[in-house]
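Read the structure below first, then the notes.
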Amino acid sequence: MSKIKTKLKNFIQEFVKEKYGIDHEPIISPARDEKFGEYSVTSAFSLAKELRRNPAEIASEIAQAVSSKFPFEVEKVDIVKGFVNIYLSKPFFQNLVKEALSENFGRCNAGNGLKVNLEFVSANPTGPLNVVNARAAAVGDSLRQIMRHCGYDAWSEYYVNDAGGQIRALRESVKWRMGLRPDLPEDGYAGDYLIQYAERLRDMGITEDHEIERHIVDMILNDQMKTLERFRVKFDVITRESFIRKSKYPKILEEKLKAKNLIYERDGAIYFRATSLGDIDEKDRVLVRSNGEPTYFYFDLAYHIYKFDRGFQKVVDFWGPDHHGYVPRMKAGLKALDLDDERFDVKIIQQVNIIKDGKRIRMSKRRGELFTLSELLDEVNVDAARFFFLLRSYSSHLDFDIDLAREISVKNPVYYVQYAHARISSIMKKAQEKGLTADGADLELLVTPEERSIMREMLFFPDVLEDISLKLEPHPITYYLTGLAEKFHNYYQKHTVADPSNPELSAARLTFVQAIANVIKIGLGLIGVSAPEEM
RNA sequence: GUCCCCGUAGCUCAGCAGGAUAGAGCGGCGGUUUCCUAAACCGCAGGUCGCAGGUUCGAAUCCUGCCGGGGACGCCA
């Protein structure tokens with residue numbers, strides 16, 4: 001949150017407490033229109049009810065208090081129909097432009113160092129990454145960076161399910177591709193991608209089951225990581241299920257559940273008594289099958305104990321749409337371990353439909369029908385793909401039209417934003433050629449409505465980032481950047497920045513556009529998109 | 001049957017921690033360049049926010065029901 005917004009909020013809260021004796025959380029939002037100033041406060045409405053007084057009177061009292069408290073920052077405070085509208089001052093904005101020149105612009109301590117674990121992608125090591133994985137990667141990685149910018153200690157984590165039935169199925173499938181068995185097993189993976197791995201395994205002379213398993217998983221995981229790197233996504237931590245299985249955590253889990261009387265045996269299997277938790281709509285789930293083999297759920301719970309054991313105060317999992325039915329189970333399990341919603345959260349990344357040649361492709365790894373992340377990156381550049389995935393909320397289904405993506409080069413709004421940055425770089429270069437410099441700029445010369453409007457937009461940058469961290473939804477940043485770029489393009493059209501006949505004004509404007517470029521660069525950087533000097 | 005997501009402009013979607021006149025991109029129509037990048041800018045047209053109730057000073061936003069579309073519901077992972 002911007003410093004001024006924090007100050008305003010804290011002050012109003014204290015003021016209300018002192019004056020009216022009411023605990024009240026003020027809602028301070030960007031004014032919907034420039035003519036209403038920068039920030040609007042709606043406190044008068046809610047207080048009017050409690051105090052049984054006219055909202056206009058209360059608004060006026062708040063307004064007066066605010067304007068006398070912040071003589072430097074606040075130019076005036078207006079009251080319109082009960083809204084308290086705060087207009088910030090010129091000196092304040094001049095100061096803001098200076099701050100916006102720093103690479104730390106937008107940083108704040110909203111997260112207060114909270115240690116957060118973000119687990120995303122976590123694709124099974126049974127094949128290449130698909131487009132939902134790509135979406136999750138774009139979302140998770142951007143969140144990690146934005147949250148760090150907002151003072152969270154955010155870590156990204158990738159979980160590798162390198163054990164269990166699916167790995168057996170993978171091994172048997174690759175053996176079929178190696179010619180070591182006559183047919184593809186029923187639950188096998190039919191995708192062509194296994195052919196190249198089979199060849200490599202054959203060349204390595206590997207035939208033993210255990211060795212095949214180990215190598216195929218490593219090869220696929222390695223390729224996944226390479227693709228993710230190409231997508232500019234790196235993980236802080238990679239955890240393997242096989243590690244969890246061998247660790248102390250399954251035992252710890254068992255003991256904890258036993259101590260709470262939350263497990264029982266039926267038909268030779270061991271169940272988790274989810275129904276006893278009451279408020280979660282969930283049935284009892286198997287932890288250990290009657291054949292003695294623990295379920296995925298069992299190790300997943302153990303894995304989450306491990307996460308919290310590493311000191312994370314909040315753990316967020318981003319899962320694909322096929323896992324949504326699994327959410328209540330995990331929530332119930334973690335609640336049983338006293339880890340409720342405040343500390344453990346699951347977000348579902350909704351499906352991505354690939355449209356190719358005008359029709360939808362149904363994707364199934366097992367059937368071998370895929371559209372992979374690396375194929376996507378062969379067709380669309382990384383900047384465009386990263387930006388594209390953040391153009392809409394991940395909670396909504398996304399139609400990704402490959403044919404459109406191919407020709408998206410000019411239409412994709414990412415270029416619109418990048419172009420603003422490139423244009424500014426060009427201005428700076430040209431200015432230098434003309435002997436103009438930003439040195440010793442007098443920012444008081446920035447008086448046009450367009451300049452004011454852009455400064456106002458800069459003001460909201462930290463607010464947008466904080467909101468993203470809070471809601472764990474990164475897509476508003478693309479809308480923010482597009483809006484800022486739009487305002488710049490408009491400004492560019494109307495006003496000359498580098499004008500040799502007016503070096504003083506040019507210095508001020510050069511400083512100003514540099515600040516704009518910097519905000520764009522920071523914003524794009526946070527979502528893994530480059531800010532080119534030229535286009 | 002139970003659960004999840006979606007329904008806002010011709011199309012794809014923002015907005016949904018309730019606030020003031022509902023926005024963007026694309027598409028359509030019409031303009032702008034001897035001038036710092038036209039990958040740009042400006043203007044116009046286009047909406048009963050799926051429907052019906054409810055809560056509220058105030059509802060696209062919250063609640064209930066219904067309709068329509070997509071998806072998930074294993075001793076798979």
Side-chain angles (χ1 to χ4, degrees), chain A residues 25 27 29 31-33 35-36 40 42 45-46 48-49 55 80-83 85 122 124 126 161 163-167 169 187 241 266-271 281-283 285-300 320-329 348 350-351 353 360 366 391-399 401 404 408-420 422-431 433-434 436 467 470-471 475-476 478-479 482-483 485-486 488-500 506 509-510 513 534-535:
Chain A
E25 169 116 15
I27 294 167
S29 39
R32 61 159 307 175
D33 192 290
K35 72 180 182 205
F36 294 132
S40 296
T42 55
F45 297 113
S46 44
K49 197 169 188 181
V80 183
K81 292 191 270 183
F83 291 90
N85 293 329
S122 295
N124 289 333
T126 53
N161 306 130
Q166 58 167 355
I167 297 301
D187 57 352
E241 184 181 342
R266 187 174 72 202
D267 307 331
I270 295 174
Y271 280 76
D281 189 19
E282 177 58 6
K283 54 183 180 183
R285 297 288 179 175
V286 174
L287 289 170
V288 183
R289 303 179 183 95
S290 49
N291 66 9
E293 200 179 326
T295 59
Y296 176 81
F297 175 50
Y298 182 86
F299 292 118
D300 211 9
D322 50 334
H323 283 66
H324 109 256
Y326 186 70
V327 176
R329 196 181 315 181
I348 298 295
Q350 285 298 338
Q351 66 187 92
N353 296 318
R360 241 174 77 184
R366 292 192 192 231
L391 278 173
R392 42 206 48 131
S393 160
Y394 59 74
S395 63
S396 302
H397 299 196
L398 169 68
D399 281 335
D401 189 326
L404 185 71
I408 214 160
S409 55
V410 221
K411 287 181 189 163
N412 194 309
V414 70
Y415 295 98
Y416 183 81
V417 178
Q418 288 182 316
Y419 184 52
R423 256 185 161 175
I424 293 170
S425 297
S426 172
I427 292 173
M428 302 309 292
K429 252 175 257 158
K430 282 274 160 58
E433 285 167 20
K434 293 177 193 167
L436 293 167
D467 207 43
L470 226 55
K471 294 179 182 164
H475 71 273
T478 59
Y479 288 86
T482 306
E486 181 181 19
F488 166 74
H489 285 308
N490 173 279
Y491 173 63
Y492 176 90
Q493 205 74 22
K494 281 191 183 153
H495 303 285
T496 304
V497 175
D499 178 7
S506 297
R509 289 188 171 168
L510 285 169
V513 296
E534 283 176 24
M535 286 175 76

Closest to the [X] side chain, choosing from [options]:
X: A:Q493; options: B:A77, B:C41, B:A20; value: B:C41
X: A:K471; options: B:C16, B:A77, B:G70; value: B:C16
X: A:K81; options: B:C36, B:A20, B:G19; value: B:A20
X: A:F83; options: B:C16, B:A20, B:C75; value: B:A20

Handout entry: For RNA chain B, stems built from three or more consecutive Watson-Crick or G-U wobble pairs below 3.5 Å
Key = B:1-7 with B:67-73, B:10-13 with B:23-26, B:28-32 with B:40-44, B:50-54 with B:62-66

Span that lies between the [atom1] atom of [M] and that of [N], in whole angstrom:
N: B:C51; M: B:U61; atom1: P; answer: 11 Å
N: B:C16; M: B:C49; atom1: C1'; answer: 11 Å
N: B:G10; M: B:U56; atom1: P; answer: 35 Å

Exercise for the section: To the nearest Å, give me how far apart NZ (A:K494) and C1' (B:A38) are. Expected result: 17 Å

Practice task
Write down the distance between CG (A:N291) and P (B:G74), rounded to a whole number of angstrom.
Solution key: 18 Å

Would you mind classifying the nucleic acid contact of [X] as base, sugar-phosphate or nothing, using non-hydrogen atoms under 4.0 angstrom?
X: A:S395; answer: sugar-phosphate
X: A:S396; answer: sugar-phosphate
X: A:S40; answer: base
X: A:E241; answer: sugar-phosphate
X: A:H475; answer: sugar-phosphate

Handout entry: All side chain to side chain donor-acceptor pair (under 3.5 Å) counterparts of A:S426, not counting sequence neighbours
Key = none

Handout entry: Partners passing side chain to side chain donor-acceptor pair (under 3.5 Å) against A:T482 (at least two apart in sequence or in another chain)
Key = none

Problem - Phosphate contact (B:A14 OP1 or OP2) by A:R392 side-chain N/O below 4.0 Å - result: no

Practice task
Please state whether the phosphate of B:G18, meaning OP1 or OP2, lies under 4.0 angstrom from any side-chain nitrogen or oxygen of A:S29.
Solution key: no

Exercise for the section: Could you tell me whether A:R266 sits above the aromatic face of A:Y271, with NZ or CZ closer than 6.0 angstrom to the six-membered ring centre and within 45 degrees of the axis? Expected result: yes

